[in-house]
Protein chains: 2
Amino acid sequence: MTRHGSPGMEVPTPMRENRGMQRNTRQRSAILEALSRQDDFRSAQQIHEQMRADGETVGLATVYRNLQALAQSDRLDVLVGDDGETRYRQCEATGHHHHLVCRECGRTVEFLAPELEAAMSRIAREQGYTDLDHTLEVFGLCTGCEAARAEATAR
Amino acid sequence: MTRHGSPGMEVPTPMRENRGMQRNTRQRSAILEALSRQDDFRSAQQIHEQMRADGETVGLATVYRNLQALAQSDRLDVLVGDDGETRYRQCEATGHHHHLVCRECGRTVEFLAPELEAAMSRIAREQGYTDLDHTLEVFGLCTGCEAARAEATAR
DNA sequence: AACGACATGACAATCATTCTCACGAGCAGT
DNA sequence: ACTGCTCGTGAGAATGATTGTCATGTCGTT
Ligand SMILES: [Mn+2]
Ligand SMILES: [Mn+2]
Ligand SMILES: [Zn+2]
Ligand SMILES: [Zn+2]
């Protein structure tokens, strides 16, 4: 991914909110609707498949483009799996937050943690770093999957 | 990446330490040596290029395989960039820890943060999650890059 | 020195994601 | 509603990092 910065005249203030989304289209609505019926993280292809199954006609490239655009305007949460696949999920919380994800079934809990934010920020500042940012995700087994695993272990 | 779990007979205890690394080879030594001369995160291809430049003869696939194996035995730190490329780095610290990475030049500082570990763990347990794990990386501009940016802004 | 399991390397194959570009559809202005 | 200017879409090709294949080389042991 090349990182350009357009030289020359700056646009007054693009208000990064709507990049690549000036218009409302049937496809985008359908994508948001599909997303709203799921509560775990899904890949672009999974979402596309689901839509086709539901009878929607949408191109795969369109799904990719929209998910990307929606994520950039903070309307979706993004998670890059261990396998490198990017997964999206409709975000309940508004503003900066983190996730607790079941590595087995994908069940997700959103959480805020001012204490964590403060601690990370302090550590980074102590080292002279500025313009901070971070990624933080917690994984584990949810109660359901833990129970299932215990049962399997007991034969 | 498909996730199998070999059914059937379990090996006594593979001691996950040396997966795919029973032997010592010239290639692996060279890779470790190349790694030891860098202190920022590099992709498999970058490392391969550097080695070729230094006169080493090593196949790209071999570089990929070894980096992967070394990472699995915790001898390397792994970071998946925004562009999806996996980067590796020789790890100074021993044991679990995190990184503060300059998003411009890659300069990296390792840090421990028991307070963070404890807080994440507490939050997850409150939600009933077990067998915990997490990813946490902090990004920012190091003092050098911050200075460079300030200068550029002032023309 | 001989052997058998592993590791390597050249190259093909995968596969998620991005690019291309002709065509269709929002939407502002009339 | 009509026109026009864009932007968004879709089908397929292209990209590019990573992985698979398999014949051949090498390590560590006997
Ligand atoms: Mn945060
Ligand atoms: Mn940690
Ligand atoms: Zn679960
Ligand atoms: Zn820097």
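Below, chains carry the letters A, B, ... as their sequence lines are ordered, and counting in each starts from 1.
For B/H98 and B/H134, the ring centers sit closer than 6.0 Å to each other.
Rounding to whole angstrom units, CD of residue A/E49 and P of C/dA16 are separated by 10 Å. Note: CG (A/D82) to P (D/dT19) measures 12 Å, nearest angstrom. Rounded to a whole Å, the CG atom of A/L67 is 11 Å from the P atom of C/dT18. What separates CD of B/Q72 from P of D/dT18 is a distance of 15 Å, to the nearest Å. In this structure, CD of A/E56 is placed 15 Å from C1' of D/dG10, rounded to the nearest angstrom. We find that CD of B/E85 is positioned 14 Å from C1' of C/dA16, with the value rounded to whole Å. The distance from atom CE of A/M21 to atom C1' of C/dA25 is 18 Å, rounded to the nearest whole Å. Between B/D83 atom CG and D/dG16 atom P there is a gap of 12 Å when expressed in whole angstrom units.
The side chain of A/T62 places an N or O atom within less than 4.0 Å of a non-bridging phosphate oxygen (OP1 or OP2) of D/dG10. For B/Q68, a side-chain nitrogen or oxygen approaches OP1 or OP2 of D/dT19 to under 4.0 Å. Regarding contacts with the backbone of D/dG8, a side-chain N or O of A/Q22 is found under 4.0 angstrom from either OP1 or OP2. Look at B/Q27 and you'll find a side-chain N or O under 4.0 angstrom from OP1 or OP2 of C/dG9. Between A/N24 and D/dG8 there is no side-chain N or O to OP1 or OP2 distance below 4.0 Å.
A/R65 contributes a side-chain N or O that forms a donor-acceptor pair with the base of D/dG10 under 3.5 Å. With hydrogens and angles ignored, a donor-acceptor pair under 3.5 angstrom links the side chain of A/R23 to the base of D/dC7.
Contacts of B/T86 with the nucleic acid, taken as non-hydrogen atoms under 4.0 Å apart, involve only primed sugar atoms and P, OP1 or OP2. Contacts of B/S43 with the nucleic acid, taken as non-hydrogen atoms under 4.0 Å apart, are absent.
Along DNA chain D, the nucleotide closest to B/R26 and the one closest to B/Y64 are compared, and the more 5′ of them pairs with B/Y64. A residue-by-residue look at B/R87 and A/V63 shows that A/V63 has its nearest nucleotide of DNA chain D further toward the 5' end. In terms of position along DNA chain C, the nucleotide closest to B/A61 lies nearer the 5' end than the nucleotide closest to the other residue of the pair A/Q45 and B/A61. Nearest-nucleotide positions on DNA chain C for B/R28 and A/L60 put B/R28 closer to the 5' end.
The backbone N or O of B/A148 lies less than 3.5 Å from no partner atom in the side chain of B/E151, so there is not a single donor-acceptor pair.
The listed nucleotides are C/dT8, D/dG8, C/dT17; the one nearest the side chain of A/T25 is D/dG8.
Enclosure of atom CD in A/Q38 by more than 12 non-hydrogen atoms of other residues, nucleotides or ligands within 6.0 angstrom is indicated. When the shell of 6.0 Å around CZ of A/R107 is examined, it contains 12 or fewer heavy atoms from other residues, nucleotides or ligands.
For the pair A/R89 and A/F41, the cation sits on the ring face: its NZ or CZ lies under 6.0 Å from the ring centre, inside 45° of the axis.
Atom CG of A/L35 and atom CG of A/L70 lie 7.5 Å apart (nearest 0.5 Å).
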